[in-house]
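Since the structure comes first, as structure tokens, the remarks are kept for the end.
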Amino acid sequence: MTYDEQIRRAAEAILDSGSVAVLTGAGISTESGIPDFRSPGTGLWEKMDPMEALSARVLFNNPRKFYHTGFKILTSMGNAEPNRAHFVLADMEKEGLIDAVITQNIDNLHQKAGSKNILEVHGDTRTGYCLKCGVKVEIGEMAEKVEQGEIPPVCDACGGVLRPSVILFGDMLPPCFDKAWGYAADCDLLLVVGSSLNVGPVNNLAAVCKRLIIINIGDTPFDSRAELIIRGKAGQVMDDLYKAIERIR
Ligand code: APR
């Protein structure tokens, strides 16, 4: 099947579906300058052990290590801008073509692009909270405390330890994951954009959906379930997909 035929088929599948959910991963943000985790040669996890960088175990047992490595990854994405793929998803939501963006990303780029119904199943890098009293704080406030050598950063309200809201390896997923599961199980079509689908339990969304289309450069363990796999760069593919939808509808 040619690329153009793949794009047409994907556009028809979206238009034929009463409900479409989208699952995005780090691959949608590499064209915004944020490295993903597992791309050969450039993925973050080729340079460091994820369990040492972004695990709850290190956060609690070795906060100095956490705040000097993993925390810096979390606070390094603030200047990135959305790329064409993020903007297309925001336009598709506005036009009622998709119902929700379920994202594993913590880079805020779907928000910046204008998407509204976003389920951040791996948490966010905008906030942190106190483990003792639960009060929410801006991540910038935590970064300032860390800069001043306050490690782990403590809560001004009660003196408890603060932690980032992002989901670390070993954490439970946030409540929005249940909603994401509902979207994946109930929608007519799940579109995966830029994820290796290596990490559970989020990758199971690709197992419970009725129809699956994958837009991803690398292969994934769920490729055999997909009715269509488009191996291309998310920005270009999403742009071509959007244009094909406009032509057909
Ligand atoms: N266009 C399309 N695909 C791309 C692009 C691009 N421009 N750039 C990279 N990719 C693909 C890669 O080939 C890879 O298969 O995106 C995928 C990204 O996979 P990962 O790096 O594993 O990222 P992700 O799937 O989001 O990881 C899930 O793992 O480490 C944890 O919590 C972290 O949320 C993350 C989770």
Side-chain angles (χ1 to χ4, degrees), residues 3 6-7 10 22-59 66 69-71 73-74 76-77 80-89 101-110 113 118-125 164-174 176-177 180 184 190-207 212-223 226 228-242:
Y3 173 78
Q6 288 184 319
I7 290 291
V22 181
L23 170 62
T24 64
I28 199 174
S29 298
T30 54
E31 292 165 72
S32 296
I34 300 176
D36 67 11
F37 298 99
R38 295 174 183 82
S39 273
T42 55
L44 264 180
W45 298 151
E46 296 214 346
K47 302 178 179 68
M48 61 181 78
D49 175 355
M51 295 306 157
E52 290 304 307
L54 283 176
S55 74
R57 177 181 51 76
V58 176
L59 169 69
F66 174 81
T69 49
F71 190 69
I73 296 172
L74 302 180
S76 66
M77 307 174 194
E81 289 303 321
N83 64 62
R84 183 70 186 128
H86 297 100
F87 287 117
V88 165
L89 287 178
V101 172
I102 302 160
T103 189
Q104 302 169 89
N105 299 341
I106 53 175
D107 55 31
N108 247 1
L109 294 185
H110 287 302
I118 304 166
L119 300 171
E120 293 178 304
V121 291
H122 283 171
D124 68 77
T125 50
S165 302
V166 72
I167 299 299
L168 301 171
F169 286 104
D171 279 336
M172 293 280 289
L173 290 193
C176 71
F177 178 65
L190 180 70
L191 183 65
V192 173
V193 186
S195 179
S196 67
L197 296 173
N198 264 276
V199 175
V202 173
N203 61 353
N204 289 312
L205 299 183
L212 175 64
I213 291 178
I214 296 175
I215 297 170
N216 200 58
I217 290 174
D219 55 18
T220 83
F222 294 82
D223 286 354
L228 204 49
I229 300 172
I230 305 179
R231 296 256 180 263
K233 294 188 77 169
Q236 185 63 56
V237 173
M238 294 307 292
D239 188 55
D240 291 340
L241 177 58
Y242 190 62

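Each ligand, and each atom within it, is numbered from 1 in the order the structure gives.
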> Can you list the steps and then say if Leu241 with Val88 is a side-chain contact (heavy atoms from CB on, under 4.5 Å)?
Replying inline: CA-CA 9 Å; Leu241 177 58; Val88 165; over 6 Å; no

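When only interatomic distances are considered, the shortest N/O to N/O separation between Asn105 and ligand 1 does not fall below 3.5 Å. Backbone and side-chain nitrogen or oxygen atoms of Gly25 are examined, and none is located within less than 3.5 angstrom of a nitrogen or oxygen of ligand 1. Where the criterion is an N or O separation shorter than 3.5 Å, residue side chain and backbone included, Ser195 meets it with respect to ligand 1. Taking distance alone, with nitrogen or oxygen atoms compared against 3.5 Å, Phe169 stays at or beyond that limit from ligand 1. Backbone and side-chain nitrogen or oxygen atoms of Arg38 are examined, and one is located within less than 3.5 angstrom of a nitrogen or oxygen of ligand 1. At a 3.5 angstrom cut-off on N or O pairs, Ala234 counts as close to ligand 1. For a threshold of 3.5 Å applied to N or O pairs, the pair formed by Ile215 and ligand 1 contains no separation below that value. Geometrically, ligand 1 and Asn198 share no nitrogen or oxygen pair separated by less than 3.5 Å.
Residue pairs satisfying the ring pair (Phe, Tyr, Trp, His ring centres under 6.0 Å) criterion with at least one member in residues 40-59, sequence neighbours excluded, are listed as follows: Phe37-Trp45. Applying the salt bridge (Lys or Arg N to Asp or Glu O under 4.0 Å) test to every pair with at least one member in residues 32-47, sequence neighbours left out, gives no pairs at all.
Each of the following atoms of ligand 1 lies closer than 4.0 Å to a heavy atom of Ser196: 15 (O), 17 (C), 18 (C), 19 (O), 20 (P), 22 (O), 25 (O). Taking a cut-off of under 4.0 Å to the non-hydrogen atoms of Lys233, the atoms of ligand 1 that pass are 1 (N). Of all atoms in ligand 1, listed by their number and element, those nearer than 4.0 Å to a heavy atom of Ala26 are 23 (O), 24 (P), 26 (O).
Of the protein's non-hydrogen atoms, Asp36 OD2, 3.2 Å is the one closest to atom 9 (C) of ligand 1. The closest protein non-hydrogen atom to atom 10 (N) of ligand 1 is Gly27 CA, 3.6 Å. Ranking the protein heavy atoms by distance from atom 32 (O) of ligand 1 puts His122 ND1, 3.5 Å first. At the shortest separation from atom 17 (C) of ligand 1 among protein heavy atoms lies Asn216 OD1, 3.4 Å. Among protein heavy atoms, the minimum distance from atom 33 (C) of ligand 1 is reached at Phe37 CE1, 3.7 Å. Protein heavy atom closest to atom 28 (C) of ligand 1, with residue, atom name and distance, is Gln104 OE1, 3.3 Å. At the shortest separation from atom 3 (N) of ligand 1 among protein heavy atoms lies Ile217 N, 3.2 Å. Here the protein heavy atom with the shortest distance to atom 30 (O) of ligand 1 is Trp45 NE1, 2.8 Å.
With a 4.5 Å cut-off on side-chain heavy atoms, Leu197 and Leu23 count as touching. You'll find the side chain of Ile217 reaches within 4.5 Å of the side chain of Lys233, heavy atoms only. Taking 4.5 Å as the limit, every side-chain heavy atom of Thr220 sits out of range of all side-chain heavy atoms of Ser195. Within the 4.5 Å cutoff, side-chain heavy atoms of Pro201 are placed close to those of Leu173. With a 4.5 Å cut-off on side-chain heavy atoms, Val237 and Tyr3 count as touching. Proximity of Ile28 to Leu89: side-chain heavy atoms (C-beta onward) are separated by under 4.5 Å at one or more points.
Using a 4.0 Å cutoff on heavy atoms, Gly194 counts as a contact of ligand 1. Under the 4.0 angstrom criterion for non-hydrogen atoms, Gly232 is in contact with ligand 1. Ligand 1 lies within reach of Ser39, whose nearest heavy atom is under 4.0 Å from it.
Across all their heavy atoms, Ile34 and Ala80 have their closest contact at CD1-CB, 3.6 Å. Nearest heavy atoms, Met48 versus Ala53: SD-CB, 3.6 Å. Scanning all heavy atoms of the two residues, the minimum distance from Thr103 to Asn105 falls at OG1-N, 3.0 Å.
Looking at Glu31 against ligand 1, only its side chain comes within 4.0 Å, counting heavy atoms.
Between Ser165 and Asp124, the side chains place no donor N or O within less than 3.5 Å of an acceptor N or O (distance only, hydrogens not considered).
By the 30° and 60° cut-offs, the orientation of the rings of His86 relative to His110 is perpendicular.
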